[in-house]
Amino acid sequence: MIRLFVPNDLSAGAGVVPTVDQSRYLTSVMRLSVGAELLLFNGRDGEWRATIIEATKRGCLLKAEEQTRPMHLGPDLDLIVAMVKRGRVETIVEKAAELGARRVRLTITRRTNVDFVKLGRLDAIAMEAAEQTGRLDVPEVADPEKLDKILDGWDPARRLVFCDEGGDARPAIEALAGTGGPAAILIGPEGGFAPEERERLRGLSFVTPVSLGPRILRADTAAISAMTLWQAAAGDWR
């Protein structure tokens, strides 16, 4: 059944007006008509079965009927990734949503060579992935920040999993075994972390350096691999 993310509050009998693009998708692409059912979620009220009660060339109107799933959030996991080329960062955001990250934080490091990103496009990718994967929320995609600023404001209660290319960190699956609680995964730029960044990260008490194996991975591959290992060791795959 089709799922749509909407900003509206959801309750029995609530009317929902989809965006123009959503209405076009429902009626022109999927060819749904009055009486057709779909699922709605907003990140707050769980998932609701809804019915199309009006459909015109200008748009459509939906009515929430009953809750199909109560609100539930996945593990409190952030993905922090250095900005890379557009296609790769779009893949990272999509896969982060599919793999259950609650937030994607873009960062600027010493060797970051990309300085522009279309956040609106990334938000749309995250929303579409959430609709397709069945999750009840859409991960936030945050504005880019310098890595030093992120570390300066870090909450030590959140474990930072540092994917270290240095070669002397423990394998991720071993280092993450038995861990839990709020966490974040840090993925570096295409050129790797600068020596001073690596030194700072290795000296912070809340950081767990991990290895993703003997090969140098591209940022998108590293992000997918690290999130998969974290979910298997400490997330909701257990």
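Just so we're clear, the structure is a prediction, and the values are computed from it rather than from any experiment. What's counted below: heavy atoms across the whole structure, side chains too, no hydrogens, waters or symmetry copies.
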Given the rule in the side chain to side chain donor-acceptor pair (under 3.5 Å) test, do R159 and T208 qualify, once you have shown the distances and angles that lead to the verdict? CA-CA 7 Å; R159 176 59 46 184; T208 299; 3.2 Å; yes
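- Looking only at distances, a side-chain donor or acceptor of R44 sits under 3.5 Å from a matching main-chain atom of P7.
- Side-chain N or O atoms of T68 include one that pairs as donor or acceptor with a backbone N or O of E47 at under 3.5 Å.
- Side-chain atoms of R110 never come within 3.5 Å of backbone atoms of A194 as a donor-acceptor pair (strictly under, hydrogens ignored).
- In the displayed structure, R121 atom CZ is contacted under 6.0 Å by at most 12 heavy atoms of other residues, nucleotides or ligands.
- When the side chains of ILVMFWY residues are joined at heavy-atom separations under 4.5 Å, either directly or via intervening members, I108 and V104 end up in a single hydrophobic cluster.
- Under a 3.5 Å cut-off, the side chain of D220 and the backbone N or O of T91 do not form any donor-acceptor pair.
- Taking the six-membered ring for Trp and thresholds of 30 and 60 degrees, F162 and F193 have ring planes more than 60 degrees apart, a perpendicular arrangement.
- Panel note: side chain T56, backbone R58; a donor-acceptor pair is recorded below 3.5 Å.
- Contact annotation: the side chain of E94 never approaches that of I224 to less than 4.5 Å [non-hydrogen atoms, C-beta and beyond].
- Between R200 and E197, no side-chain nitrogen of the basic residue sits less than 4.0 Å from a carboxylate oxygen of the acidic one, so the salt-bridge criterion is not met.
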Determine, step by step, whether T109 and T112 satisfy the side chain to side chain donor-acceptor pair (under 3.5 Å) criterion, reporting the C-alpha distance in whole Å, the side-chain angles of both residues, the deciding distance to 0.1 Å, and the verdict. CA-CA 5 Å; T109 68; T112 297; 2.9 Å; yes
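- Judged by distance alone, the side chain of R105 and the main-chain N or O of I80 form no donor-acceptor pair under 3.5 Å.
- Between R86 and V117 the shortest side-chain heavy-atom distance does not fall below 4.5 Å.
- For E131 (side chain) and L4 (main-chain N/O), no donor-acceptor pair under 3.5 Å exists by modelled atom type.
- Between R198 and D164 there is a salt bridge, since a side-chain N of the basic residue sits under 4.0 Å from a carboxylate O of the acidic one.
- With respect to D152 and K149, no salt bridge is recorded, no charged nitrogen being found less than 4.0 Å from a carboxylate O.
- Side chains of D45 and S11 form no contact here, defined as non-hydrogen atoms less than 4.5 Å apart.
- With a 4.5 Å cut-off on side-chain heavy atoms, L39 and R49 count as touching.
- The ring-ring contact (aromatic ring centres under 6.0 Å, His included) pairs that include a residue from residues 15-57 are F5-F41, where partners are two or more places apart or lie in different chains.
- Judged by distance alone, with hydrogens and angles left aside, the side-chain atoms of R102 form a donor-acceptor pair with the main-chain N or O of G74 at under 3.5 Å.
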